[in-house]
K.L.:
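Dumping the structure here so I can ask a few things about it.
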Amino acid sequence: MFVALTNRNMDEGSFAGRHKYYVQETRQSSVVQHILSDDEEYAPPAKRRSTVLSSPPSVSLSIPSTSKSHSYCFICKKPGPKLIVVPSQARFSAFLKKEVIIPAGCRCCPGHLTEDNFTEDAISKINCTNDNVILNRSSIMDLLKKLRYTALQNEQSRIDFDTDKVLSDSDFINLTGINKDNFNDLHSYIKNTVRNTPTRSTRTSLGIFLFKLKSGISNKVLSTIFNISRSSLRRAISCVRQALVKNFVPENLGFKHISHDDVVNLHTRPLAQTLFGDGTNTQAILVLDGTYMYIQKSGNFHFQRRSYSLHKGRPLVKPMVVVTTTGYFVTVSGDHTWPTAKNNDAAILKHMFNTNVEDIKEWVQDDDIFVVDRGFRDSLELLDDLGIKAQMPSFLTKGQKQMTTDEANASRLVTKVRWVVESANARIKRWKYLSHVLPNKQVPYIGDYVCIVCGISNKYLPPLSPGCDNEEALAAKMLYLSKRVNTLKQRVEEENLERRKTIWKEPDNHTLDDFPLLDEEDLRNITCGVYQLKLSTSYIQEHLEGNCQILIHKEDEHLIRVKLQSRHVSSKTYILWREYTSAEITAWYCKCRAGARVVGVCAHIASILWYLGYARHNQDISYGVQNWGAYLEDAASIPQAVDESDSEESVVEE
């Protein structure tokens, strides 16, 4: 009963409201009729129009388009169950390059795509089947947004890594240190970790990172080149560095990325196996050395004392580099960049084994060979305890001025293999950022940069020392020579040829005519390398300028004596002797530190052989390089003043 009463009251209230509205409308209408004259007509108020414009759901545009099919590839028309849907990026790229619309949902073969874009061959094979295309509102808006984004990118970017045709292969090498294909492969390691932003794509971020390492240019200049703010530039470099360290470095650097057998079979030169191996070809031969990364002087005095190198006279850190005999980077102590005040090469190597860095003890096997320099001499006992054979150049004892013949020969065998680690360190420093003085805030990341550069070298760059066809024969020859004695040295000492000056004479125009003619191959066979020959032109340049003296023995015209200026110290000269016949060079000896060896020759002997046997018979050979010191003033060179009172012209007759 209560509910029924309530409904009735509500019905009565609604009826009263409608009646009231009707009365008000009637009165207003009568008032209007009263105001209007008999000649005027009543015009009802205009209805308010909607501001929303209406358009058809889809429009037809005169843009060529392809066919749409789910059962076959729209490019090659091949049917197949393994077709994939064409990505939106590929459809947009095809529109930009060929002005053709590919309908959404089209399918193609996976071989036509690479990294969500069509290959060049696929682009050329796209055929248009329709002269127009029907697009809806969302498709048109999406196309306009992508066009605007691309226009903004092209306007902002001065170096474009996103478009393949903008930069050539040589441009990629000059800017990033690797070619275009290698850049694309390296990009695959970061594209799922580094995200695109409105100002830079993942490819641009990678290009900025590599360009920074390759050129060493400051962020301020890079910001101008790429038209990106410095904060965005720093974020890009940081993100790429972290992505490469996480995804790329573990696959291309470290003891865990390569097996012991692969190092022996794929990255060991036959020359090294012949010189130091036991004939089983199962020993891994590794070459070790530390490289220097210079840093700023720190305001933290504790760190300043630890990082200051007395040897170099400046603050630095020192990663340990381990390479094979072909120059392949096995590992770099990237997590252990050592201040060098108290950490020499031997201390770093001991720490690596005592802490078992990267499980090095499990990787290294008995009778493996480490080729090291003299800085590792304090670690030889540890290596011997671990069953590792160490090969190290000989060093002079206190008071000793020259190595014996056996010591010099053994040192030459070591340097014939060890040079590769010096070239590996130089390859690291070719990335100019690592050769500059680094700010202290980059100290935590120096190891990451070095590891990334070494990983790139392993994967994309050719080996430093691939070897040659006759390496085993060259090694056998060097082993044979290392057991011989220097007969000319014995003669010089027995006959006291160094002090006896009256037995020598200057050669005339025809004295050296019977000196054997040598070609470049003959010189390489004598020197057992090319390094000494590269210095020959500079040594002979000083000879031609008068800083060299060639004398002939009065009784034995096939014995010559040469006095040659040292290239390091102005006050030091070296005396060398050589015996020859009209057919060959029979013996040599030099007073320099390694001049007694018969496994190859020192640079002083090589320069004289190069000049007498080869260069003087070839007129188009240039000697040395230009002396740029001629453009500089020497403060010690002061013209002598003339006293005018001593001049005859100034004398006054009385």
Side-chain angles (χ1 to χ4, degrees), residues 175-177 186 189-190 193-195 197 199-200 202 204-250 253 290-321 331-343 348 351 357 425 427-456:
L175 294 175
T176 66
L186 186 61
Y189 288 92
I190 70 163
T193 305
V194 180
R195 63 184 181 87
T197 68
T199 58
R200 52 180 169 80
T202 56
T204 300
S205 298
L206 178 60
I208 291 172
F209 178 81
L210 295 177
F211 188 34
K212 172 78 172 180
L213 286 180
K214 180 65 176 176
S215 64
I217 296 177
S218 65
N219 287 352
K220 185 176 182 180
V221 178
L222 287 177
S223 176
T224 302
I225 293 175
F226 289 95
N227 199 21
I228 298 175
S229 65
R230 274 186 280 180
S231 60
S232 180
L233 201 70
R234 287 193 294 267
R235 286 193 296 270
I237 293 173
S238 176
C239 292
V240 173
R241 175 184 57 80
Q242 295 176 34
L244 290 177
V245 169
K246 178 181 178 182
N247 303 325
F248 176 75
V249 171
L253 189 70
T291 186
Y292 301 111
M293 300 292 160
Y294 299 108
I295 59 176
Q296 293 175 332
K297 184 184 294 185
S298 175
N300 185 304
F301 295 153
H302 175 68
F303 179 70
Q304 169 64 14
R305 290 191 299 270
R306 289 190 62 201
S307 61
Y308 186 80
S309 171
L310 296 175
H311 173 59
K312 293 293 183 179
R314 55 196 300 186
L316 52 87
V317 293
K318 190 174 187 180
M320 178 62 66
V321 178
T331 189
V332 176
S333 59
D335 296 334
H336 305 275
T337 50
W338 297 86
T340 59
K342 297 183 179 180
N343 295 290
I348 298 174
H351 178 88
V357 173
N425 291 338
R427 174 171 277 187
I428 295 175
K429 295 297 184 67
R430 287 194 188 103
W431 301 78
K432 297 300 182 182
Y433 182 72
L434 299 178
S435 66
H436 292 173
V437 178
L438 300 176
N440 287 334
K441 62 183 179 182
Q442 291 296 317
V443 168
Y445 315 120
I446 292 177
D448 292 347
Y449 294 135
V450 176
C451 288
I452 291 171
V453 167
C454 294
I456 290 174

K.L.:
Over all heavy atoms of both residues, which pair between I428 and V450 is shortest? Give the atoms and the distance, please.
P.N.:
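Distance-wise, the nearest heavy atoms are CD1-CG1, 4.3 Å.
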
K.L.:
From S229 OG over to R234 CZ, what is the distance, rounded to the nearest 0.5 angstrom?
P.N.:
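Going from the OG atom of S229 to the CZ atom of R234 covers 8.0 Å.
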
K.L.:
So, for G290 and N425, which heavy atoms are closest and what is the spacing to 0.1 Å?
P.N.:
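Residues G290 and N425, closest heavy atoms: O-ND2, 3.9 Å.
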
K.L.:
Can you check whether I446 reaches I295 side chain to side chain, under 4.5 Å on heavy atoms?
P.N.:
yes

K.L.:
Partners of S215 by side-chain contact (heavy atoms from CB on, under 4.5 Å), sequence neighbours excluded?
P.N.:
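For S215, the residues satisfying side-chain contact (heavy atoms from CB on, under 4.5 Å) (neighbours in sequence not counted) are F211, I217.
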
K.L.:
Carefully, step by step, assess L186 and L244 under the rule side chain to side chain contact (heavy atoms under 4.5 Å, CB included).
P.N.:
CA-CA 9 Å; L186 186 61; L244 290 177; 3.7 Å; yes

K.L.:
Rounded to the nearest 0.5 Å, what separation is found between the CZ atom of F209 and the CD1 atom of I452?
P.N.:
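F209 atom CZ to I452 atom CD1 measures 3.5 Å (nearest 0.5 Å).
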
K.L.:
So, do Q304 and Q296 sit near enough that their side-chain heavy atoms are less than 4.5 Å apart?
P.N.:
no

K.L.:
At what distance, to the nearest 0.5 angstrom, does CZ of F226 lie from CG of N219?
P.N.:
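Taking CZ in F226 and CG in N219, the distance rounds to 11.0 Å.
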
K.L.:
Please name the pair of heavy atoms, one in V245 and one in P250, separated by the smallest distance, quoted to 0.1 Å.
P.N.:
O-CD, 3.2 Å

K.L.:
Which atom names give the shortest non-hydrogen contact between P319 and V332, and what distance separates them?
P.N.:
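Between these two residues, the closest heavy atoms are CB-CG1, 4.1 Å.
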
K.L.:
With a 4.5 Å limit on heavy-atom distance, are the side chains of T193 and Q242 in contact?
P.N.:
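No, too far: nothing below the 4.5 Å cut-off.
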
K.L.:
Suppose the criterion is salt bridge (Lys or Arg N to Asp or Glu O under 4.0 Å): which pairs have a residue in residues 208-229, not counting sequence neighbours?
P.N.:
none

K.L.:
Looking at CG of L175 and CD1 of I208, how far apart are the two atoms once the value is rounded to the nearest 0.5 Å?
P.N.:
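Going from the CG atom of L175 to the CD1 atom of I208 covers 12.0 Å.
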
K.L.:
Sequence neighbours left out, what pairs pass salt bridge (Lys or Arg N to Asp or Glu O under 4.0 Å) with at least one residue falling in residues 236-248?
P.N.:
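Listed by first then second residue: R241-D448.
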
K.L.:
Quick one: does any side-chain atom of T202 pair with a main-chain N or O of R195 as donor and acceptor, under 3.5 Å?
P.N.:
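A pair under 3.5 Å: no.
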
K.L.:
The criterion is salt bridge (Lys or Arg N to Asp or Glu O under 4.0 Å); which residues satisfy it with R427, sequence neighbours excluded?
P.N.:
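With sequence neighbours excluded, R427 shows a salt bridge (Lys or Arg N to Asp or Glu O under 4.0 Å) to no residue whatsoever.
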
K.L.:
How long is the span from the OG1 atom in T204 to the CD1 atom in I228, to the nearest 0.5 Å?
P.N.:
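Nearest 0.5 Å value for the OG1-CD1 distance: 6.5 Å.
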
K.L.:
Can you check side chain to side chain contact (heavy atoms under 4.5 Å, CB included) on H311 and Y292, steps first, answer last?
P.N.:
CA-CA 11 Å; H311 173 59; Y292 301 111; 3.7 Å; yes

K.L.:
Show the nearest heavy-atom pair for residues S298 and F303, with the distance to one decimal.
P.N.:
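That would be CB-CD2, 3.6 Å.
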
K.L.:
Quick one: are I456 and L210 in side-chain contact, heavy atoms under 4.5 Å?
P.N.:
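Yes, their side chains come closer than 4.5 Å.
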
K.L.:
Return the NZ to NZ distance between K312 and K318, rounded to the nearest 0.5 Å.
P.N.:
9.0 Å

K.L.:
Measure up the Y449 and Y433 rings against each other and bin them: parallel (under 30°), tilted (30 to 60°), perpendicular (over 60°).
P.N.:
perpendicular

K.L.:
Identify, with sequence neighbours excluded, every residue that meets side-chain contact (heavy atoms from CB on, under 4.5 Å) alongside R235.
P.N.:
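Residues passing side-chain contact (heavy atoms from CB on, under 4.5 Å) with R235: R200, S231, S232.
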
K.L.:
Going through the checks in order, is the side chain to side chain contact (heavy atoms under 4.5 Å, CB included) test met by N343 and M320?
P.N.:
CA-CA 11 Å; N343 295 290; M320 178 62 66; over 6 Å; no

K.L.:
A quick test of your reading: do over 12 heavy atoms of other residues, nucleotides or ligands sit less than 6.0 Å from OH of Y445?
P.N.:
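Counting neighbours around OH of Y445, 12 or fewer heavy atoms of other residues, nucleotides or ligands fall under 6.0 Å, so no.
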
K.L.:
Could you tell me which non-hydrogen atom of L316 sits nearest to which non-hydrogen atom of Y294, and how far apart they are?
P.N.:
CD2-CE2, 3.6 Å

K.L.:
Parallel, tilted or perpendicular: which describes the rings of Y189 and F248, with under 30° parallel and over 60° perpendicular?
P.N.:
perpendicular

K.L.:
The criterion is side-chain contact (heavy atoms from CB on, under 4.5 Å); which residues satisfy it with K441, sequence neighbours excluded?
P.N.:
P439

